[in-house]
Amino acid sequence: MSRWSVPALPACTCCIGCARPASVGGTWYWNRYPGARCDIQTIDYSYTFDPELERAWQWSEKYATQPEILRYLGFVTDRYDLRRDIRFGTKVTAATWEHAADRWLLTTDHGASVSCRYYIMATGCLSAPKPPEIDGVKDFKGEVYFTGRWPHEEIKLAGKRVAVIGTGSSGIQSIPMIAEQAAHLTVFQRTPNFALPAHNGPPPADRMALLEGDRAGYREQARMSLAGVPWPQQMSVSWQLSDAERRERFEKAWAAGDLVYILTQLWADQGVDVDGNSLLADLIREKIRTIVKDPETAAALSPHDHPFGAKRPCLDTNYYTTYNRPNVTLVNLRQEPITGITASGIKTGKRGFDVDVIVFATGFDAMTGAIMAVHPITGRGGKSLSDVWANGPQTYLGLTVAGFPNLFMITGPGSPSVLSNMAVSIEQHVDWTVDRLMAMREAGYTTMEATDTAQAGWARHMADCSTLTLHRLANTWYTGANVPGKAWGVMPYTGGVGPYRTICDEIVSRGMLGFRLTGPNVAEQCNDGEVVRLQPDVRLVLNMLADMNLPPIESFGAQGARDFVAQFNAARPAGRPVGEVVDGTLAGADGPLPYRLYRPATPGPHPIVVYFHGGGWVLGDEQSDDPFCRDMCRRTGMSFVSVGYRHAPEHRFPTAAEDGYAATRWIAEHAAELGGKPGPVMVAGWSAGGNIAAVTCQLARDRGGPQISGQLLVCPVTDCTFDRPSYHENATGYFLTRSLMYWFWDLYCSPADRTDPRVSPLRGKLENLPPALVATCEFDPLRDEGVAYAQAMAAAGVPVEQLNARGHFHSSLTMVDVVITGVAARVQMANALRRFAGLPPERKEGDEGVRPRSDRLAA
Ligand code: N01
């Protein structure tokens, strides 16, 4: 008999079996395949809304099996007497917003329609299995099962020839169990996936002790964490650790058997940087080669086409060892794609496999599939959700959609959902939604709807977050790439559970920002706007600084402020390795000055960039922009010479400018000695250093050299007026404040000197200057004077490239490995320097590999 649909269910029109559950459980009701269990530790995968409930239930295992989780969900349902409020065996088929009544009308396949004020879709992210997209399935005469619609009765596989198609989490969990029963198991693998041993057993004593020691604190830490499981933020980066240290950390993680641990606790750059990630991926591939005896099978099982974590990694029990069994065969579909299914089995481009049973572990139409399965969902003005989402889901917070009042989606696309511990994310969405509904009722509002502005802002913020992670570099169900024809885009929110929660709370504290509230007897309220305009990592940095509640830097005095900067810099990630770092002295305007030379690892001689650090002419030294100099040295393939010019108030105007000019002259004259290319040099600088670089170009033009082939001015000071809009808009709250700038100016330059072009280059002659790149940041008091300088140079005929970094603050572009969203700007800056030096652009594949992977999968 061909078992195409699950017999216990009514006949269905789709090929997988329509979902009409007879009880609670959701994903844990349907996914009954052998080996199904959770892969977040069960003590974390529990409800936390009621401490008494927590005490009333004990998990028996570190990772509970599907039957135990289903029992738990039933236990919770009965404890709170919820069954009487649930209509089982009823499918919502369509939903329509009835404007006149301000209500939703839900049509069902069973019984009368339902009219409701609020429509909350808790339809699950992975509940709509996707069709297998393989020809001939209906011709197969044997048994067919889907992991996501596994029958309720026991399936006997003993003595049978079984095929499993798919090696995601479901395949990887079920394959070892099926192999133990089947006469022969053939696994059809399209893309190998990373899997880690679960080392299942009783709940680990150390985690239990943590939880029981401070249950409330433990849960709160989970809510504010990145993934919804309380692990601390890892600070060390891969290049700070030796090979032995990395291996030790990795072995500990491999032994721990915990996905969240390995994803967050090894080194800070593994989830955001391709190089940091591949160090970990290499170690896992090494493990696969050690476990799997046949080298060809081991190679086929080793993932190479995606970074670790970009595709959902799996947790297994005996997965790789299963391939050492004589009754298991792996078929690599990359070498021999499936061409079709016949009455007797599966055919590939090379051979045929006769089997008795086919198990499809082929996954889901994730995140949007179950929402769109209710069709149509018709919102305000007759708009259909499937039209609005034709190019991918558009939401505000992943909870609401503009044009669809009072529609809420629990863990919808645009929220952390599948990138987090779902238990934590579901609770947060439920709490937030219920609190909003109660607040609306109290205030007399009956509808709540996201605005277009808020929704568009959320899409931008989502995109900004996803450039921070490596998810964009993989074709996965996170991006919709597993479903032919589905729009490509990273669907879950990648900014983390804790940051997401604070944003949701901020929306409430800012008067329901981005929502329109209406009611029959109250005035409409619409506090429109975008909740996050900063880049996500900038937001984290600024929040962290705000939490430190520091006194204004200027209140420390010059020496105190210098000590503070030194202390602050000591806590940042060390810069990445370059070929060589050499300290020396050069001749300044009035005596020797220290310098630090950063030389690339490539053979020289290299073009030279003379670099001036930031610090308002008062703070910093030739080492204080160390990570930035290293990063730019690596990206440009050029030597950077960072100059220790003298500071105010000990050395006031024009000392810094004259030191800068003299240092540039000396460096140009000693280029060969420094291992650099003789000939023109380039200048670069950040903040006050950008000011010195700009001034140096003017002085070099007017004083007969040295020859300068290009200038990179990053957030430069260019003028002595403080009335441009950016000085007002960004006066406070973005680290560099207006009052700090006043202090810098006062220490460096008396009012009478301030219009001198050696401190206000915007007031100088701008013709015949070297080509420039001027970078400015949106939330910087100095933004507009940088823009003014770029425009004035361009008007004077200087080739100028302008870079306006959206969502960034004054320090963003130099905070390497902290503000990761600054990478694209640094790539652009590096390419400009290479162009100034007459070199082709160089694009390193990796952390700045911003190309989205939209190429479709080939079976
Ligand atoms: O689905 P998947 P899943 N021909 O999409 C392959 C959660 N979950 O059900 O990678 C051949 O990951 C497909 O190949 P490719 C968890 O979040 C959790 O396994 O597209 N092969 C892939 O190998 C998980 O990520 C647990 O090239 C085809 C596989 O089928 C999510 O659910 C347990 C194919 C599908 O893998 C989904 O997991 C289980 C075709 N036509 C699931 N079509 C826990 O432990 C697809 N494939 C909590």
Side-chain angles (χ1 to χ4, degrees), residues 16 26-28 30-42 44-45 62-66 69 124-137 146-150 163-175 187-196 198 200 227 257-260 301 303 305-306 309-317 319 330-334 336-341 346 348 358-367 369 411 417-423 474-484 486 491-492 853 855-859:
I16 294 165
T27 201
W28 298 108
W30 294 108
N31 287 270
R32 294 165 186 254
Y33 58 85
R37 55 172 83 236
C38 69
D39 58 8
I40 295 276
Q41 291 203 24
T42 334
D44 298 303
Y45 193 77
K62 176 180 172 189
Y63 298 107
T65 56
Q66 175 270 334
I69 299 172
C125 297
L126 293 156
S127 49
K130 81 176 185 89
E133 299 128 17
I134 301 172
D135 289 342
V137 184
F146 283 81
T147 49
R149 289 286 180 272
W150 200 261
V164 173
I165 302 179
T167 50
S169 301
S170 306
I172 283 176
Q173 284 186 332
S174 58
I175 283 164
V187 176
F188 293 82
Q189 171 196 270
R190 189 162 65 181
T191 310
N193 216 339
F194 290 101
L196 269 89
N200 202 17
D258 188 312
L259 281 179
V260 182
L301 287 167
D305 77 333
H306 62 275
K311 196 179 177 92
R312 173 70 146 71
C314 308
L315 207 59
D316 74 272
T317 299
Y319 178 62
L330 179 71
V331 178
N332 182 349
L333 299 182
R334 295 288 175 204
E336 45 177 317
I338 294 176
T339 52
I341 291 179
I346 297 171
T348 70
I358 301 178
V359 173
F360 286 97
T362 40
F364 300 87
D365 181 355
M367 307 216 65
T411 65
S417 58
V418 292
L419 288 179
S420 67
N421 175 356
M422 286 298 272
N475 277 323
T476 67
W477 58 259
Y478 293 142
T479 64
N482 67 329
V483 175
K486 189 166 175 173
M491 290 186 286
R853 295 281 306 274
D855 45 321
R856 290 285 161 189
L857 300 168

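Just so you know, ligand 1 is whichever comes first in the structure, and atom 1 is the first atom listed for that ligand.
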Notebook entry, point to check: Under 4.0 Å from any heavy atom of Thr191, which atoms of ligand 1 are there?
Noted result: 10 (O), 15 (P), 27 (O)

Notebook entry, point to check: Would you call Trp477 a ligand 1 contact, heavy-atom distance under 4.0 Å?
Noted result: yes

Next item on the list: May I ask which of Lys130, Glu133, Gln66 has a heavy atom nearer to atom 43 (N) of ligand 1 than the others do?
Entry: Lys130

Next item on the list: Look only at interatomic distance and state if Trp28 has a nitrogen or oxygen under 3.5 Å from any nitrogen or oxygen of ligand 1.
Entry: no

Next item on the list: Determine, using heavy atoms of Phe146 and all atoms of ligand 1, whether some pair is separated by less than 4.0 Å.
Entry: no

Item checked: Shortest non-hydrogen contact between Asn193 and Pro313, atoms and distance -> OD1-CA, 4.4 Å

Check: Does Ile165 have a heavy atom less than 4.0 Å from any atom of ligand 1?
Finding: yes

Note to self: To check you understand the geometry: which heavy-atom pair defines the closest contact between Asn31 and Ala36, and what is its length?
What the structure shows: O-CB, 3.4 Å

Next item on the list: Could you grab the distance from atom OG1 of Thr167 to atom CG of Asp316, nearest 0.5 Å is fine?
Entry: 12.0 Å

Notebook entry, point to check: Can Leu333 be said to touch ligand 1, with heavy atoms closer than 4.0 Å?
Noted result: yes

Check: Considering all heavy atoms of both residues, which atom of Arg190 and which atom of Pro192 are nearest to each other, and what is their separation?
Finding: O-CD, 4.0 Å

Note to self: What I want to know is whether Ala361 and ligand 1 share at least one N or O pair that is separated by under 3.5 angstrom.
What the structure shows: yes

Item checked: Contact with ligand 1 for Gln189, non-hydrogen, under 4.0 angstrom -> no

Notebook entry, point to check: Side chain, backbone, both or neither: which part of Thr362 has a heavy atom under 4.0 Å from ligand 1?
Noted result: both

Check: Any side-chain donor-acceptor pair under 3.5 Å between Asp258 and Gln41?
Finding: yes

Checklist line | Heavy-atom pair with the smallest gap, counting every atom of Leu301 and Gln189 | finding: CD2-OE1, 3.4 Å

Item checked: Best match, Gly148, Ser174, Gly168, Ser169: closest heavy atom to atom 26 (C) of ligand 1 -> Ser169

Next item on the list: Check Thr476 against ligand 1 and report side chain, backbone, both or neither, counting heavy atoms closer than 4.0 Å.
Entry: neither

Checklist line | Region of Pro132 that comes within reach of ligand 1 [heavy atoms, distance under 4.0 Å] | finding: backbone

Next item on the list: Go through ligand 1 atom by atom and flag the ones less than 4.0 Å from a non-hydrogen atom of Thr167.
Entry: 22 (C), 23 (O), 29 (C)

Note to self: Once rounded to the nearest 0.5 Å, what's the spacing between atom CZ of Phe364 and atom OG1 of Thr147?
What the structure shows: 5.5 Å

Note to self: Pairs of nitrogen or oxygen atoms closer than 3.5 Å, one from Ser170 and one from ligand 1: do any exist?
What the structure shows: yes

Checklist line | Check: Tyr33 N/O within less than 3.5 Å of ligand 1 N/O | finding: no

Next item on the list: List every atom of ligand 1 that sits less than 4.0 Å from any heavy atom of Gln173, numbering the atoms from 1 in the order shown and giving each element.
Entry: 33 (C), 44 (C), 45 (O)

Next item on the list: Before signing off on this row, confirm whether Thr147 and ligand 1 have an N or O atom pair separated by under 3.5 Å.
Entry: no

Margin query: Does Asp135, at its CG atom, have more than 12 non-hydrogen atoms belonging to other residues, nucleotides or ligands within less than 6.0 Å?
Written below: no

Note to self: Classify the ring geometry of Phe360 against Phe146: parallel below 30°, tilted from 30° to 60°, perpendicular beyond 60°.
What the structure shows: parallel

Notebook entry, point to check: Considering only heavy atoms, does Ala366 approach ligand 1 within less than 4.0 Å through its side chain, its backbone, both, or neither?
Noted result: neither

Next item on the list: Could you please spell out the steps behind the side-chain hydrogen bond (donor to acceptor under 3.5 Å, both in side chains) verdict for Thr191 and Arg334?
Entry: CA-CA 8 Å; Thr191 310; Arg334 295 288 175 204; 2.7 Å; yes

